[in-house]
Enquirer: 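One structure is given below, represented as structure tokens, and several questions about it will come after.
Every number for a ligand or one of its atoms is a count from 1 in the order of the listing. Positions are given from 1 along the sequence.
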Amino acid sequence: KDPNTPPLVFHWIPFIGSTVTYGMEPIKFFQSNRAKYGDVFTFVLLGKKTTVCLGRQGNDLVLNGKLKDVNAEEIYSPLTTPVFGKDVVYDCPNSRLLEQKKFVKFGLTTEAFRSYVPLIVNEVVEYVNRSPQFQGNKGTCDVSRTMAEITIYTASRSLQGKEVRDRFDSSFADLYHDLDMGFTPINFMLPWAPLPRNRKRDAAHHKISTTYMEIIKARREALKDGGKPDSEDMIWNLMGSVYKDGTPLPDYQIAHMMIALLMAGQHSSSTSSAWIVLNLATRPEIIEELYQEQINVLGADLPDLTYENLQTLPLNAQVIKETLRLHSPIHSIMRKVKSPLHVEGTPYTIPTSHSVIASPGISARDAEHFPNPETWEPHRWDPKEGDSKPEEEEETEDYGYGLVSKGAKSPYLPFGAGRHRCIGEQFAYVQLGAILATLVRLFKLSNPDGVKGIPDTDFSSLFSKPAHPAIVRWEKRG
Ligand code: HEM
Ligand SMILES: N#Cc1ccc(COc2ccc(/C=C/c3ccc(C(F)(F)[C@](O)(Cn4cnnn4)c4ccc(F)cc4F)nc3)cc2)cc1
């Protein structure tokens, strides 16, 4: 064993290595090997040497790695490019992605969020009113399916725009499903695999991107006839975006970016909102606290939710924050090593034949940072008296889409850190916050008789999600 490379996790079968043990239970796999080998260890993932870098130092090494040392697009492009489309996100140099992230981030203004909240609330209320499973005063529901539908309706109506929302009542629903078939880990672990589902993915991608381009064309025509942008959706924002070198964002790239935002938002928000509902059902008293918080802060007459008054509901936000601590949708952040990567304070140098994985979710479950880490407890985020000291100063850097924290000291990074950090955090909090506050007004929730705790986690797809069945009992408030 070479003392300068990290320890290799024991495995019986070449190529398969630890793929199945990791794939089925990545969090347990990381925690048990961390106990044996420490924060840095290597395992075989489908024949690929993969070095895991855990803890705050591991997060920093991978997430704040220099472009010359670690590369995201080489790993992710085989998965994302066929789904999103050419020349955006991971099918272009990182400098282009940074500009694309700037366009999106700068389109998510307070003005935009102000216009989104009533649209989101209305979609939730309409969904409950028309959905067969919510007729009557009480019943049960399939949480994953319900939250996936609420997520797609609320995101398409706000961020995507009215034309896209209307198509989800028809063609887009099936097209989205076909496109989503291509969004699977196999497509970046075995990109060459000739899966039949990839043909459906490609056909769906073509139809969806063509539709986006028709929407853009119709809007440009309307502008020519003296029309004005009539909403704060992202399509209008991208239609006015221009790269640094002076070229306007081409329509096909707008279409591809909108697909990327659709996929990102759908999977992250639908799994997160499902976990919020499932955890709340184990703590009915917290639902009543959330309801009481709205009455105390907004008034017993419960005025309509707005972007502004949503910010005055701390427990509502803490429920989201705590859910993302234990149920972050992305359990493994992967990079290709491009030049030998020395791990400070160890004898290890990770060679360029390896990939690296960071898993911020591991530090978010570390008892060193969070007492009773496995317990879902939104009150752990309650502001403490004398907590006036600002969060220990976090280093920030501007990679081209505004200042982002390097997050090197924080054990809580559900949105990543550094140059690849998420730009959807604010939108996610507005969407999840408005959905949660509305559900709290409509329902009491609880676990069905005989059901204890929350469902297991299904790690087999790209985003950790609740294993089936995931059922809760609901009862309409009087
Ligand atoms: C609960 C919700 C969400 C969570 C937990 C989440 C998490 C993450 C994480 C961990 C990353 C870093 C990935 C990496 O370093 O490889 C990321 C990046 C990103 N996310 Fe999100 N995300 C969420 C919602 C969204 C939404 C709603 C959007 C779009 C509207 C979005 C768009 C993006 C983009 C564009 C990136 C940048 C990727 C890169 O620079 O390589 N995310 N997200
Ligand atoms: N046997 C077996 C066996 C073995 C292994 C396994 C499972 O192993 C693994 C390993 C790694 C992973 C990584 C998840 C991963 C990475 C990138 C992306 C993304 F790029 F797509 C995203 O970041 C997503 N995103 C960002 N914000 N919100 N969403 C994104 C970025 C920008 C963008 F514009 C749109 C985007 F949507 N998505 C998900 C998942 C599972 C199962 C079975």
Side-chain angles (χ1 to χ4, degrees), residues 16-26 29 43 45-46 48 50 59 62-65 70-73 75-81 83-85 88-91 94 96-98 100-105 107-108 151 154-155 158-160 180 183-190 234 256-273 275-276 320-321 323-325 327-335 355 357-361 399-401 404 407 413-432 458-464:
I16 298 296
S18 311
T19 300
V20 180
T21 332
Y22 160 71
M24 304 309 280
E25 292 284 353
F29 178 76
F43 74 101
L45 176 58
L46 291 177
K48 190 114 196 67
T50 306
N59 294 339
V62 174
L63 299 178
N64 292 311
V70 287
N71 178 293
E73 57 270 24
I75 294 266
Y76 292 147
S77 185
L79 159 80
T80 57
T81 300
V83 173
F84 302 166
V88 299
V89 189
Y90 298 124
D91 190 45
N94 185 260
R96 270 284 151 118
L97 168 57
L98 292 173
Q100 291 161 9
K101 290 174 78 174
K102 178 189 63 181
F103 299 149
V104 174
K105 183 114 185 272
L108 294 170
T151 300
T154 52
S158 54
L159 189 79
Q160 296 278 330
D180 203 33
F183 218 40
T184 156
I186 305 172
N187 275 347
F188 73 100
M189 293 187 190
L190 305 172
M234 190 50 74
H256 295 172
M257 282 176 63
M258 291 308 295
I259 294 172
L261 300 181
L262 181 67
M263 301 305 280
Q266 180 58 22
H267 285 280
S268 55
S269 282
S270 67
T271 52
S272 303
S273 56
W275 283 120
I276 288 169
I320 298 168
K321 186 165 187 175
T323 302
L324 290 177
R325 182 180 69 82
H327 301 284
S328 98
I330 298 178
H331 59 73
S332 299
I333 290 181
M334 299 178 97
R335 303 285 187 267
S355 295
I357 282 183
S359 183
Y399 295 95
Y401 59 96
V404 290
L413 299 172
F415 295 96
R419 102 182 26 253
H420 291 282
R421 194 189 189 287
C422 184
I423 44 109
E425 175 173 3
Q426 289 70 30
F427 176 77
Y429 263 87
V430 166
Q431 182 187 29
L432 294 170
D458 169 358
F459 291 101
S460 64
S461 64
L462 217 48
F463 300 81
S464 356

Enquirer: Which heavy atom of the protein is the closest neighbour of atom 10 (C) of ligand 1, given with residue, atom name and distance?
Expert: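 The closest one turns out to be Pro414 O, 3.4 Å.
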Enquirer: Taking 4.0 angstrom as the limit and counting only heavy atoms of Gly265, give me the atoms of ligand 1 inside it, by number and element.
Expert: 27 (C)
Enquirer: Show, in sequence, the C-alpha distance, side-chain angles and deciding distance for Ser269 and Ser273, and conclude whether the side-chain hydrogen bond (donor to acceptor under 3.5 Å, both in side chains) test is met.
Expert: CA-CA 6 Å; Ser269 282; Ser273 56; over 6 Å; no
Enquirer: Using modelled atom types and a 3.5 Å cut-off, is there a donor and acceptor pairing between side-chain atoms of Ser328 and backbone atoms of Arg325?
Expert: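 Such a contact is absent between Ser328 side chain and Arg325 backbone.
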Enquirer: What atoms of ligand 1 come closer than 4.0 angstrom to any heavy atom of Leu324?
Expert: 1 (C)
Enquirer: Got the closest protein heavy atom to atom 41 (O) of ligand 1, with its distance?
Expert: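 Among all protein heavy atoms, the one nearest atom 41 (O) of ligand 1 is Tyr90 OH, 2.4 Å.
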Enquirer: Which residue supplies the protein heavy atom nearest to atom 14 (C) of ligand 2, what is that atom called, and how far is it?
Expert: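 For atom 14 (C) of ligand 2, the nearest protein heavy atom comes out as Leu462 O, 3.6 Å.
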Enquirer: Measure the distance from atom 29 (C) of ligand 1 to every protein heavy atom, then report the residue, atom name and distance (to 0.1 Å) of the closest one.
Expert: Leu261 CD2, 3.7 Å
Enquirer: Would you check whether His267 reaches within less than 4.0 Å of ligand 2, judged by its heavy atoms?
Expert: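 Flag not set, His267 not near ligand 2.
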Enquirer: Should His420 be counted as touching ligand 1, given the test is an N or O pair under 3.5 Å?
Expert: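 Yes: some nitrogen or oxygen of His420 is under 3.5 Å from one in ligand 1.
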Enquirer: Please tell me if the side chains of Ser158 and Phe427 come closer than 4.5 Å, counting only heavy atoms from C-beta onward.
Expert: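 A side-chain contact under 4.5 Å exists here.
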Enquirer: Under a 4.0 angstrom heavy-atom cut-off, which atoms of ligand 1 come close to Ile333?
Expert: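 Numbered from 1, ligand 1 contributes 10 (C), 14 (C), 15 (O), 16 (O).
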Enquirer: Take atom 21 (Fe) of ligand 1 and tell me which protein N, O or S atoms are nearer than 2.8 Å.
Expert: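 Protein N/O/S atoms under 2.8 Å of atom 21 (Fe) of ligand 1: Cys422 SG.
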Enquirer: Any idea which protein heavy atom is nearest atom 4 (C) of ligand 2, and the distance to it?
Expert: Gly23 CA, 3.6 Å
Enquirer: Which of the numbered atoms in ligand 1 are below 4.0 angstrom from a heavy atom of Leu97?
Expert: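 Atoms satisfying the 4.0 Å criterion: 39 (C), 40 (O), 41 (O).
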Enquirer: Which is closest to atom 25 (N) of ligand 2 by heavy-atom distance: Ile330, Thr271, Ile186?
Expert: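 That would be Ile330.
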Enquirer: Atoms of ligand 1 less than 4.0 Å from Lys101 heavy atoms?
Expert: 37 (C), 39 (C), 40 (O)
Enquirer: Output the list of atoms in ligand 1 that are nearer than 4.0 Å to some heavy atom of Tyr76, sorted by atom number.
Expert: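 Numbered from 1, ligand 1 contributes 16 (O).
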Enquirer: Tell me which one of Glu425, Met189, Gln100 gets a heavy atom nearest to atom 5 (C) of ligand 2.
Expert: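 Among Glu425, Met189, Gln100, the closest heavy atom to atom 5 (C) of ligand 2 belongs to Met189.
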Enquirer: Which protein non-hydrogen atom lies closest to atom 20 (F) of ligand 2, naming both residue and atom, and how far is it?
Expert: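 Among all protein heavy atoms, the one nearest atom 20 (F) of ligand 2 is Tyr90 CE1, 3.5 Å.
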Enquirer: Within the 4.0 Å heavy-atom shell around Phe188, which atoms of ligand 2 are there?
Expert: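 With Phe188 as reference, the close atoms of ligand 2 come out as 10 (C), 11 (C), 12 (C).
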Enquirer: Please confirm whether His420 approaches ligand 2 to less than 4.0 Å, judged on its heavy atoms.
Expert: no
Enquirer: Judged by atom type as modelled, is there a donor-acceptor pair below 3.5 Å linking the side chain of Ser77 to the main-chain atoms of Asp91?
Expert: no
Enquirer: Any non-hydrogen atom of Ser460 lying under 4.0 Å from ligand 2?
Expert: yes
Enquirer: Which of the atoms in ligand 2, numbered in the order shown and given with their element, are less than 4.0 Å from a heavy-atom of Ala264?
Expert: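 What qualifies from ligand 2 is 28 (N), 29 (N), 35 (C), 36 (C), 37 (F).
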Enquirer: May I ask you to identify, for Thr80, whether its side chain, its backbone, both or neither come under 4.0 Å of ligand 2 on a heavy-atom basis?
Expert: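 Thr80 to ligand 2: side-chain contact only, backbone stays beyond 4.0 Å.
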Enquirer: Establish whether atom 18 (C) of ligand 2 and some protein heavy atom are separated by less than 4.0 angstrom.
Expert: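 No, there is no protein heavy atom closer to it than 4.0 Å.
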Enquirer: Give me the residue, atom name and distance of the protein heavy atom closest to atom 38 (N) of ligand 2.
Expert: Phe463 CZ, 3.6 Å
Enquirer: Can you figure out which of Arg335, Arg421, Met258 has its heavy atom closest to atom 16 (O) of ligand 1?
Expert: Arg335
Enquirer: Answer yes or no: is there a donor N or O on one side and an acceptor on the other, between the side chain of Tyr76 and the main chain of Arg335, under 3.5 Å?
Expert: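 Flag not set: sc Tyr76 to bb Arg335 has no pair under 3.5 Å.
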Enquirer: Work out whether the distance between some heavy atom of Pro329 and some atom of ligand 1 is less than 4.0 Å.
Expert: yes
Enquirer: What part of Pro360, side chain, backbone, both or neither, has a heavy atom within less than 4.0 angstrom of ligand 1?
Expert: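 Neither; nothing of Pro360 gets under 4.0 Å from ligand 1.
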Enquirer: Check contact between Ser272 and ligand 1, using heavy atoms of the residue and a distance below 4.0 angstrom.
Expert: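 For ligand 1, residue contact (heavy atoms, under 4.0 Å) with Ser272 is present.
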Enquirer: For atom 16 (C) of ligand 2, which candidate among Phe415, Tyr22, Tyr76, Phe84 holds the nearest heavy atom?
Expert: Tyr76
